[in-house]
Amino acid sequence: MKFCAIIVVYLSACFIWEAAQGCQSIDQRFKFPNSDVYIRLHRGSKLQYELMKGSKSLQRVTLDNFITSSNLEATSTGNFKLSDGTTTIEFSLIMATNGITHLRVSRNQVLRATQPRDCFALATGYIHWYGGAEQKEHYWPVERQKYTNFSYVPKELGNMGVAERYWLNSEGFFLYVDKTTPLFIDQHAVGYEDQICISALISLPYDQRLETANFSYQLGIAKDAKAAHMYAVKTLLGKPTGYPDERMVQYPVWSTWALYKAEVTDEVVRDFAKQILDNGFKNSQLEIDDDWEDCYGALTFRKNKFPDAKKLTDDLKLLGFRVTLWIHPFINNNCTTIYETAKSSGFLVLDHEGSAHTQWWNSKPNDAAYLDFTKRTVQEWFTKRLKRLQTEDGIDSFKFDAGESSWVPKDPVLQGDAHELPLQITTDYLRTVATLGDMVEVRSAQSTQDLPIFVRIVDKDSEWGWNNGLVTLITSLLQMNLNGYPFVLPDMIGGNGYNERPPTKELFLRWLQANVFMPSLQFSFVPWNFDNETIQISKTFTELHADYTPYIMKLFKRSTESGEPVNAPLWWIAPNDAVAQIIYDGK
Ligand SMILES: *[C@@H]1O[C@H](CO)[C@@H](O)[C@H](O)[C@H]1NC(C)=O
Ligand SMILES: *[C@@H]1O[C@H](CO)[C@@H](O)[C@H](O)[C@H]1NC(C)=O
Ligand SMILES: *[C@@H]1O[C@H](CO)[C@@H](O)[C@H](O)[C@H]1NC(C)=O
Ligand SMILES: *[C@@H]1O[C@H](CO)[C@@H](O)[C@H](O)[C@H]1NC(C)=O
């Protein structure tokens with residue numbers, strides 16, 4: 001192999017064409033102005049760029065399908081670029097100051113039927129990765145996750161309710177993919193072992209009619225993960241503008257779901273309230289979950305289950321409860337009156353053939369529709385009917401379910417910038433429901449870090465392990481905090497008891513203990529269905545949590561000021577500690 005000198009390309013003056021040297025494997029370097037970070041180009045079977053600081057490698061990125069003979073060239077704007085004749089990749093400096101280097105890497109265009117892919121070395125074993133998507137099998141750090149050509153939108157598959165396009169690692173490096181990019185990811189996929197790859201493809205679930213799309217992402221380099229994250233919060237993720245209701249922090253939410261499932265009635269709810277009081281527990285609110293509606297989407301109480309909702313909420317309030325209600329964004333086809341009204345008003349998400357048919361967990365295929373929250377008229381109509389539940393039926397607030405963009409019909413027609421679809425519908429749903437006040441809880445998110453509301457972790461199973469069990473309550477909590485959502489409402493203590501498998505006494509109590517130092521407690525399985533010891537222990541830990549209310553509220557306030565997480569991973573206090581970097585269970 002021929003020896004090749006390293007050619008250093010400086011911003012303004014001299015940059016030398018390696019081709020002029022007649023050498024095929026020369027490295028090229030480009031130093032960013034006012035920063036000690038530079039980029040080095042490598043030619044092997046694939047072209048790679050490497051972010052460097054002095055002799056230290058910060059990140060190596062493989063351009064999976066880009067011509068290898070391409071050269072770095074300076075641009076007229078003082079940045080530099082690579083070109084293959086059709087596509088140009090531009091590296092531009094956004095900021096270099098206070099130890100932060102912030103770059104954007106963008107293609108001028110992505111054509112239909114191409115899937116450019118940039119792969120970041122995970123360096124598993126000594127570098128650890130955080131952020132990324134909420135997952136059912138949720139590891140932490142996140143370098144263990146596996147994805148193959150996985151569209152990156154909030155979606156039902158894999159419990160991906162909160163999925164900002166943001167990753168950071170223990171070296172102080174972050175990656176943020178712009179939301180105009182139709183993003184797919186591969187991680188440890190075949191051919192992409194030990195890498196996380198981002199790619200752009202004009203294909204469903206994105207707007208498949210686009211002629212071109214952007215493939216644009218931002219990179220940050222800071223002294224450690226904490227500094228990188230604080231910078232990302234400030235410039236990219238945003239921080240909350242306020243914080244949720246204090247009583248939801250102090251006392252438990254009691255939900256009818258895990259115990260009664262869809263068998264809720266006036267009588268069941270009254271009996272549940274009585275049990276809570278008889279056993280000496282306090283409440284922030286009693287939540288009436290599925291299935292209280294006339295029919296799915298009606299937003300009116302079914303009279304044969306709840307003959308007089310106002311009387312019920314009045315009575316519960318006299319007993320010291322606040323009352324909240326489970327709400328979803330669907331209308332089932334057989335909820336005929338409201339369905340026809342919504343359909344004729346243009347309130348349903350249609351596909352390009354004009355069909356509104358979709359499916360959710362409470363419908364058969366094609367038996368439901370999804371409200372189009374990208375329309376202002378729908379936002380107003382939905383809000384108005386929720387307010388009626390408050391004023392006429394005495395409901396205090398709501399638990400908003402779903403919201404992920406995957407619930408719409410395949411190939412939907414939506415409003416908004418075509419490059420930001422379907423993400424826009426999730427954002428618009430959340431912004432609509434967040435107007436209902438500081439007791440609101442949601443379970444999905446998309447560029448909504450500013451909202452002062454609780455974001456619930458998607459339903460957990462009554463298991464111990466990685467498959468959506470207790471350990472993942474903690475890892476999902478950490479991930480949401482590092483997506484910029486610090487007001488996390490953990491799911492029900494002991495899990496949901498799906499598949500007729502309720503939690504054991506020990507699982508229930510360990511779950512409660514793990515939950516004590518999270519923002520809020522939510523019971524649905526109840527201590528008194530186990531034994532007296534369970535009641536006593538549950539009281540101790542419920543009170544311990546209540547005692548920490550002032551401290552939790554202080555952290556809530558702090559997050560609105562500085563954007564710091566409320567429940568940070570342990571490395572937050574020791575970013576360079578190799579042991580802290582991999583802790584996921586509060587040990
Ligand atoms: C990725 O998935 C999309 C469909 O969602 C498909 O069109 C594309 O060909 C896939 N790419 C690869 C490399 O498999
Ligand atoms: C695509 O990127 C270019 C250059 O960064 C930008 O000017 C343009 O607005 C982007 N397009 C979209 C749809 O965001
Ligand atoms: C609607 O259909 C579901 C089954 O999909 C059924 O359980 C329910 O009773 C029906 N509701 C009405 C109002 O007909
Ligand atoms: C539980 O405690 C209650 C009240 O203190 C008592 O009446 C009951 O016998 C106890 N049950 C058991 C199984 O110990």
Side-chain angles (χ1 to χ4, degrees), residues 46 62-66 110-119 146-153 155-158 160 181-193 195-210 213 215 261-265 275 277-281 290-306 328 330-342 357-369 405-406 408 410-412 421-423 505 526-540:
K46 289 177 179 174
T62 304
L63 303 169
D64 188 45
N65 35 25
F66 203 76
V110 172
L111 300 174
R112 298 176 64 83
T114 65
Q115 190 172 7
R117 181 184 287 102
D118 292 0
C119 295
K146 289 193 173 75
Y147 302 96
T148 299
N149 196 30
F150 199 67
S151 67
Y152 203 87
V153 297
K155 60 185 180 184
E156 183 196 17
L157 186 65
M160 194 152 145
T181 299
L183 175 64
F184 288 78
I185 66 167
D186 290 274
Q187 188 172 329
H188 297 298
V190 176
Y192 302 106
E193 292 78 9
Q195 299 178 81
I196 177 166
C197 303
I198 55 173
S199 63
L201 178 69
I202 298 174
S203 173
L204 294 174
Y206 302 100
D207 186 340
Q208 58 175 355
R209 283 163 184 76
L210 291 172
F215 183 17
K261 295 289 187 293
E263 307 304 316
V264 285
T265 61
Q275 291 175 39
L277 296 176
D278 286 352
N279 285 287
F281 283 87
D290 189 10
D291 164 28
W292 59 271
E293 282 178 282
D294 262 322
C295 46
Y296 288 117
L299 293 183
T300 48
F301 278 95
R302 196 182 316 159
K303 286 278 187 292
N304 63 5
K305 284 183 143 197
F306 295 92
H328 58 81
F330 304 93
I331 302 183
N332 281 18
N333 299 21
N334 70 356
C335 200
T336 320
T337 310
I338 204 79
Y339 184 89
E340 290 306 328
T341 301
H357 295 336
T358 191
Q359 182 184 13
W360 63 304
W361 63 93
N362 280 329
S363 88
K364 298 198 184 85
N366 299 330
D367 272 357
S405 64
S406 59
V408 300
K410 205 174 157 192
D411 194 15
L421 301 178
L423 301 181
K505 171 181 170 181
V526 290
W528 50 92
N529 280 359
F530 296 94
D531 55 25
N532 281 356
E533 188 187 39
T534 308
I535 299 175
Q536 283 320 311
I537 297 174
S538 297
K539 262 193 197 140
T540 303

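Both ligands and their constituent atoms are indexed starting at 1 by order of listing. The figures here come from the full heavy-atom set of this structure, side chains too, leaving out hydrogens, waters and symmetry mates.
A cation-pi geometry, defined here as NZ or CZ lying under 6.0 Å from the six-membered ring centre and within 45° of its normal, does not hold between K46 and F66.
Annotation: Q115 places an N or O atom under 3.5 Å from an N or O atom of ligand 1; distance criterion only. Here's the thing with D294: none of its N/O atoms is less than 3.5 angstrom from an N/O atom of ligand 3.
Aromatic ring pairs are classed by plane angle as parallel below 30°, tilted from 30° to 60° and perpendicular above 60°; the pair Y206 and F184 is perpendicular.
Contacts of F530 classified as ring pair (Phe, Tyr, Trp, His ring centres under 6.0 Å), with partners at least two apart in sequence or in another chain: F508.
Taking each heavy atom of S406 and E156 in turn, the nearest pair found is OG-N, 2.9 Å. The shortest heavy-atom contact between K539 and N279 is NZ-O, 2.7 Å. Across all non-hydrogen atoms, the minimal contact from R112 to R209 is NH1-C, 3.7 Å.
Closest protein heavy atom to atom 9 (O) of ligand 4: N532 ND2, 4.7 Å. Shortest contact from atom 14 (O) of ligand 1 to any protein heavy atom: N149 ND2, 3.3 Å.
Residue-ligand proximity, N334 to ligand 3, at heavy-atom distances under 4.0 Å covers atoms 1 (C), 2 (O), 3 (C), 8 (C), 10 (C), 11 (N), 12 (C), 13 (C), 14 (O). Those atoms of ligand 1 that come under 4.0 Å of a heavy atom in L204, given as number and element, are 5 (O). Here is the list of ligand 1 atoms found below 4.0 Å of a heavy atom in L201: 3 (C), 6 (C), 7 (O), 8 (C). Proximity to R117 (heavy-atom distance under 4.0 Å) selects the following atoms of ligand 1: 13 (C).
Put simply, the side chain of N149 reaches to within 4.5 Å of the side chain of Q115, judged on heavy atoms.
At a distance under 4.0 Å, a protein heavy atom can be found next to atom 2 (O) of ligand 4. In this structure, atom 7 (O) of ligand 3 has no protein heavy-atom contact shorter than 4.0 Å. Within 4.0 Å of atom 12 (C) of ligand 4, at least one protein heavy atom is present.
With ring centers used as reference points, F281 lies under 6.0 Å from W528.
Scanning R302, K364, E293 for the heavy atom closest to atom 4 (C) of ligand 3 points to K364.
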